[in-house]
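Take a look at the structure set out below.
Since the model is a prediction, treat every value here as computed from it, not as a measurement. Letters A, B, ... are given to chains in the order of the sequence lines, protein chains preceding strands, and every chain is numbered from 1.
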2 protein chains.
Amino acid sequence: MSDLSRLSLNTATTKKWTLAEAVDGCVRAGIPAIGPWRDRVHEAGLDKAARLIKDAGLRVSSLCRGGFLTAADAEGQAAALADNRDAVLEAVALDTRELFLVVGGLATGEKDVVAARQRVADRLGELVPFAVEHGVRLVLEPLHPMYAADRALISTLGQALDLAAPYPADAVGVAVDTFHVWWDPELKAQIERAGREQRIASYQVCDFNLPIAADALLSRGMMGDGVIDFATIGSWVRDAGYSGDIEVEIFNQDIWDADGDAVLATMKERYAELVLPFA
Amino acid sequence: MSDLSRLSLNTATTKKWTLAEAVDGCVRAGIPAIGPWRDRVHEAGLDKAARLIKDAGLRVSSLCRGGFLTAADAEGQAAALADNRDAVLEAVALDTRELFLVVGGLATGEKDVVAARQRVADRLGELVPFAVEHGVRLVLEPLHPMYAADRALISTLGQALDLAAPYPADAVGVAVDTFHVWWDPELKAQIERAGREQRIASYQVCDFNLPIAADALLSRGMMGDGVIDFATIGSWVRDAGYSGDIEVEIFNQDIWDADGDAVLATMKERYAELVLPFA
C-alpha cells in the first residue's frame with residue numbers, strides 16, 4: 001500500500017462532482033486532503049462546506065482561487081480587492097493557510113504588459129496586510145506563458161518570486177505546478193531559490209499533453225500521459241525542502257467525462273508510480 | 001508613401017505561393033526583401049531560386065530553417081548535421097548570412113529536457129566551425145514555451161543567448177520573434193543584453209491571436225489582430241541597436257486562404273502603422 005499521506009485532490013480534477021461528492025470520493029479512495037475551488041464551496045455554502053470537509057476528516061491543502069488583479073479602472077480594482085478579501089475569509093473558514101492567486105491577464109483591449117504587471121504588484125501590496133491579519137498566505141501561481149494574455153501575467157517562477165520578494169515568506173508564497181513550469185530553462189535554479197526563500201506553498205502535479213487541446217485550457221493530463229519528467233522536477237522540489245501536500249489538478253475533458261472513482265484510482269496509481277518516489 | 005526598405009516577406013506568410021510567385025508578389029508590392037523557407041527553395045531548385053530572387057532585385061533577409069538537433073541516436077545526429085550543413089550551403093547560395101535554427105524538442109518518448117538541451121548545445125558546437133567557414137551565422141530562435149516539447153527546447157531569449165555565449169557574435173546570433181517572446185518578463189533586459197552582445201540577427205513580427213487556434217501552430221496573426229505591443233518591443237529592439245530587416249512570418253489558416261496580394265497590402269499597412277514608427 002502506497003503512502004498517500006501527502007496526496008490531495010484538487011476539485012477541478014473531478015469537475016462534475018459537487019464538493020460533497022468530492023469529499024466522499026476522497027474518503028472512499030483514502031485520499032487525506034482536498035483542494036477545493038471556490039465555486040464548489042459557494043455552491044455548498046461556506047459553513048456547510050467547511051463542516052463537511054472537517055467531518056470527513058480531510059485536510060484542506062489550499063483554496064483555489066483569488067486573483068484577477070489587473071483591472072485598469074477604479075471600480076474593477078475595488079471589486080477585485082473585495083473578492084480577494086472574501087477569498088481570504090473563505091480560506092480561514094476552510095482552515096487552510098494557502099490561497100492561490102491567478103493574477104489575471106491584460107485588461108480588455110490593453111496591450112501593455114508592463115503596466116498590467118505593475119497593477120498586479122500594486123493590488124498585491126494592498127491585499128497583503130489583510131491576508132496577514134487573517135493568517136492566510138497569498139500564493140502566486142505562475143501560469144504557462146500561453147495563458148499570459150488572458151489569465152495570468154505571471155509566467156515564470158522567478159517572476160513570482162520577484163513579486164513576492166517585498167513581503168515575508170509566510171505572507172506571500174509561490175506555487176510550483178508542473179504543467180505551467182516544466183519547460184522553464186531556469187526551473188531548477190528558481191525552485192532552489194524558492195526553497196531558500198521558504199516560499200514554496202504548494203506543489204501541484206499534472207502532465208502536459210500533446211497535441212495541445214483545441215481548448216488550450218484543457219491540455220492538462222494525468223501524470224504519465226504527457227511529456228513531463230516528474231522524477232526530475234519532484235526531486236528539485238523535495239531538495240528545496242518542500243514536504244507539504246501534493247495536489248493533483250487536471251482540466252481535461254476526457255477525465256471530466258470519466259467516472260470519478262475511476263479517476264481517483266488512476267490518480268493514486270500514477271502518484272505512487274511517478275510522483276511519490278521522488279517526493 | 002511609407003519607407004518599406006527594411007520590410008521582408010517570410011514565405012510562410014503566403015503559404016500557397018511558390019517561391020517564384022512570392023518573389024513576384026514582393027516586386028509588385030514594393031517589398032525589397034524575402035525570407036524563404038527551404039521547402040520553397042527546394043521546390044524551385046537552389047540555383048534557380050537564387051537566380052530568380054537576385055534577378056528580381058530582392059534581398060534575402062534570412063533562410064528558414066535548419067535545426068532539429070535533438071536526436072538521441074548516432075544516426076539521427078549524423079542526419080541532422082548533414083541537413084544543417086546543406087542548409088548552410090543553401091544560405092551561401094542564396095546570399096544571406098542568417099540561417100535560422102529551430103532546435104527541436106524531445107526525442108520520441110523522451111522526457112529529459114535537460115539532456116535534450118545538452119544535445120542541442122553539443123550539435124551546435126559541431127556545426128559552428130562549418131558555418132563560420134562559409135560565412136553564415138547560425139540564428140537561434142527561441143520558440144514560445146507551448147512548443148517546447150515538440151519543436152524547440154529553447155524557450156527564452158536569455159536561454160538562446162546563454163547557448164550562443166561560447167561563440168563569436170558573427171557565428172551564432174539570436175532571433176527576436178514577437179510571437180514567441182512577447183510574454184517574457186525578462187524580455188527588455190534580454191533584448192538589451194542581445195544588443196550589447198551584438199547577437200540580434202533578425203527581428204520577426206506577427207501578432208499573438210486569442211483564442212489560441214485549435215492547431216496551436218496557427219495562432220500567429222497579422223500585426224494588430226492580437227495582443228502584442230509592437231511599439232514597446234520594437235523600441236527595445238531599436239534601442240538595442242538593431243537596424244536590419246524586419247520579417248513578417250505568419251502561420252494562420254485565414255491568411256493562407258486569402259489572396260496573396262491582399263495579404264501583402266495589409267501587411268504593408270500594418271507595418272507602416274504599428275511597426276515602422278518604432279523601428
- To the nearest 0.5 angstrom, please state how far the CH2 atom of A/Trp183 sits from the CG atom of B/Leu143. 12.5 Å

- Query: Among residues 68-75 of chain A, which ones touch chain B with a heavy-atom distance under 4.5 Å?
  - Reply: none

- Task: Pick one of side chain, backbone, both or neither for A/Pro211, based on which atoms fall under 4.5 Å of a heavy atom in chain B.
- Result: neither

- Spatial distance of atom CG (A/Asp150) from atom CD1 (B/Ile212) [nearest 0.5 Å]: 7.0 Å

- Which residues in residues 221-234 of chain B have any heavy atom lying under 4.5 Å from a heavy atom of chain A? B/Gly224, B/Gly226, B/Val227, B/Ile228, B/Asp229

- Residues in residues 109-116 of chain A that sit under 4.5 Å from chain B, counting heavy atoms only: A/Lys111, A/Asp112, A/Val113, A/Val114

- Does the side chain of B/Met146 come within less than 4.5 Å of A/Pro145's, by heavy atoms? no

- Tabulate, in ascending numerical order, the residues of residues 270-279 of chain B having at least one heavy atom closer than 4.5 Å to a heavy atom of chain A, or enter 'none'. none

- Message: Is B/Asp184 close to chain A through its backbone or its side chain, or both, or neither, when contacts mean heavy atoms under 4.5 Å?
- Response: backbone

- Item | Atom CD of A/Glu192 with >12 non-hydrogen neighbours under 6.0 angstrom | yes

- Message: Can you tell me which portion of B/Pro185 sits under 4.5 Å from chain A's heavy atoms? Options are side chain, backbone, both or neither.
- Response: both

- More than 12 heavy atoms from other groups under 6.0 Å of CD on A/Gln198: no

- Query: Do the non-hydrogen side-chain atoms of B/Glu186 and A/Glu186 ever get within less than 4.5 Å of each other?
  - Reply: no

- Item | chain A contact via B/Ala149 - which portion, at a heavy-atom distance below 4.5 Å | both

